[in-house]
Every structure is written in structure tokens, then in C-alpha cells.
A.B. asks: 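Questions regarding the structure given below will be posed in turn.
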Amino acid sequence: MTTPVAQRPFVLSTPAAPVERHGNVDLHLPAGAGPAPAVVLVHGAPLPPGVPDPRDWMLYRGYGALLAERGLVAALVSYQVADLSALPATADDIAGMIEQVRADPRVDPDRVVLWFFSGGGLFSADWLRVAPPWLRGIALTYPLLIPLPGWEIDARFLPVEALGSGAGVPLVLTRAGRDIPPVLAGIEAFLAAATTHGRPVRVIEVPDGQHSFDILDHTPQSEAAVLAARDAVLDLLDAG
């Protein structure tokens, strides 16, 4: 029997941090006095019906623990996209959750990174287009950056086009070499556009990785890539 995605173990074993649930936001809290920089993790979408809340997946709990271990507040947000027409409302909900995180007294509201995974990459477009001063960077892991075949979405959610805004926030992108073709095509288009618009991107390569390599491919290469992405986020926050 295939292990459900929520139960697939994270590629790294990191002791769990204290976790608090506040509505649709889970906070993985570091030791020590705050306020601390924060990383908001935005999971993929749309999710199949009946899938557990991504905040309970071993994947995102692993990332939360990994970030808290290094002194960051890791905020895992939860949302669902039942229909592509709901993307604008969902993006607004996510923005509200980010403000909720920034308002927490244990968070330094001026040192925040947004980290988008898989289909959540489409939501990065707003922040690529207009980067507020508190946003220290954007991280993208096996991100969907162009619509899947047959999808019709609002032009607001086209990260490749958003790069032309000149907002200039630093970018980190993790590319899995064996990802699905639409994801790889979107990454290629994104990197080409970033070059055109003078937007440097720190690329972390996982040549043998599949989509979701961080739970599917338990290899030294996967471990190194996850740690490299974590360290790149630390660099963005000057918290390493």
C-alpha cells in the first residue's frame, strides 16, 4: 500500500519545536527570547479532497522544526483552493495570515521571508510584483510558476510576468531535476525572465530529485538540498 502523502517522513530528523495553533496558522517556536525573524511557509494547491491539513503533514512539520532549531519562528499557513476562480480570495486570505504572523509579539515584523512550495508558487506573484519593506526574500521549492495545461487563471497569478515589476526582493529557488514537465518549464521561464529583468536568483539544484523530493527521495543529495535552502533563508534574514 502506498503511504499517504501526509504520513511520508521528512528527509531530515529534527527534534520538534513547541507548536501553537492560531486559527489557520501554526507557529513553530524557537528556544530563547524573541522577537525572532519569521518564515511563512505556503503549501501547494489545490489539494485533493479529504487530504489532511498540510500543517499536520510530516513534510511541513519537518520544515517547521528545521527553521525553529535555528532560531526562527516558522509559520505554517493552511488554506484550500476548491476552484481556480477562488485564487484571488485565497491570496487575500494568505496575506491576512501573514499579517497575523507579523503581529505576534514573538516575531520581528520587519524580518520575514515567504517560502512557497509546489502549487503555492502561483501565490508568490503578488509579492514579486510589490515587495513591502519587511519582506527580506522569497524562497520557492519545486514551485509551479506557470499554470498547468488546461488551467485558466487570473493574470495576477503569473510569477514569470510579475518579475518585470522591478521590486527587487532576493530570491532562492530549489529545482528538482526529475520534476514534472510543467514545473520544470515554468522554472526555466522564470529564470530566463529573472535574467532579463536583472533579478538574481540563488538556485539550489537537486539533479536526481522528484517533485516532493524532500519526502520521496531519502538521499544525501536531498538532505543537502534542504539544508542549503534552509541556510539560504537564514542568509536572507541575516539570522544565520
Side-chain angles (χ1 to χ4, degrees), residues 4-8 21-28 38-64 74-102 112-132 135 138-163 171 173-176 179-187 189-190 210-216:
V5 64
Q7 298 173 20
R8 289 182 177 270
R21 180 157 292 185
H22 301 275
N24 288 330
V25 178
D26 275 14
L27 297 178
H28 292 237
V39 180
V40 180
L41 297 105
V42 181
H43 63 77
L47 298 173
V51 171
D53 190 320
R55 291 176 296 172
D56 296 325
W57 295 13
M58 297 177 72
L59 167 65
Y60 294 110
R61 285 187 169 271
Y63 276 104
L76 312 184
V77 303
S78 178
Y79 66 93
Q80 177 60 292
V81 177
D83 185 272
L84 293 175
S85 64
L87 288 178
T90 303
D92 293 343
D93 288 343
I94 292 171
M97 288 184 260
I98 292 168
E99 287 306 312
Q100 176 185 332
V101 172
R102 294 184 63 237
V112 179
V113 164
L114 305 181
W115 195 340
F116 299 90
F117 292 78
S118 191
L122 297 176
F123 291 113
S124 69
D126 280 350
W127 307 96
L128 290 164
R129 193 174 291 111
V130 180
L135 182 60
I138 292 173
L140 303 154
T141 292
Y142 40 79
L144 181 65
L145 299 170
I146 59 174
L148 290 175
W151 282 17
E152 294 185 9
I153 65 172
D154 191 301
R156 173 180 170 185
F157 302 103
L158 299 176
V160 175
E161 295 186 10
L163 285 170
L171 305 173
L173 189 151
T174 301
R175 172 167 50 187
D179 212 325
I180 61 175
V183 169
L184 291 175
I187 290 173
F190 184 86
Q210 306 173 73
H211 195 82
S212 301
F213 70 88
D214 35 17
I215 54 174
L216 295 180

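Note that these values count all heavy atoms, side chains included, but never hydrogens, waters or copies made by symmetry.
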A.B. asks: Are L145 and L163 side-chain neighbours, meaning at least one heavy-atom pair lies under 4.5 Å?
C.D. replies: no
A.B. asks: Does a side-chain heavy-atom distance below 4.5 Å link W127 with I98?
C.D. replies: yes
A.B. asks: Please work out which of the three classes, parallel, tilted or perpendicular, describes the rings of W115 and F117, given edges at 30° and 60°.
C.D. replies: parallel
A.B. asks: Not counting sequence neighbours, which residues clear side-chain hydrogen bond (donor to acceptor under 3.5 Å, both in side chains) with E99? List them please.
C.D. replies: R102
A.B. asks: Judged by modelled atom types alone, do Y63 and D214 share a side-chain donor-acceptor pair under 3.5 Å?
C.D. replies: yes
A.B. asks: If we only count heavy atoms from C-beta on, is the I153 to L87 side-chain gap below 4.5 Å?
C.D. replies: yes
A.B. asks: Contact between P159 and L122 at the side-chain level, heavy atoms closer than 4.5 Å - yes or no?
C.D. replies: yes
A.B. asks: With rounding to the nearest 0.5 angstrom, report the OH to CG distance, Y79 to L47.
C.D. replies: 7.0 Å
A.B. asks: Where do T90 and I94 land on the side-chain contact (heavy atoms from CB on, under 4.5 Å) test, with the steps shown first?
C.D. replies: CA-CA 6 Å; T90 303; I94 292 171; 4.2 Å; yes
A.B. asks: In the structure I gave you, are the side-chain heavy atoms of F157 and P147 within less than 4.5 Å of one another anywhere?
C.D. replies: no
A.B. asks: Check whether any side-chain N or O of Q100 sits under 3.5 Å from a backbone N or O of H22 as a donor-acceptor pair, and report yes or no.
C.D. replies: yes
A.B. asks: I'd like to check L84 versus E152 (side-chain heavy atoms, cut-off strictly below 4.5 Å). Are they in contact?
C.D. replies: no
A.B. asks: Within this structure, what is the CG-CZ distance for the pair L59 and R8, rounded to the nearest 0.5 Å?
C.D. replies: 11.5 Å
A.B. asks: Can you confirm whether L171 sits close enough to L128 that some side-chain heavy atom of one is under 4.5 Å from a side-chain heavy atom of the other?
C.D. replies: yes
A.B. asks: Could you walk me through whether R175 and L184 pass the side-chain contact (heavy atoms from CB on, under 4.5 Å) check?
C.D. replies: CA-CA 8 Å; R175 172 167 50 187; L184 291 175; 4.1 Å; yes
A.B. asks: Is any side-chain heavy atom of L76 closer than 4.5 Å to a side-chain heavy atom of Y60?
C.D. replies: yes
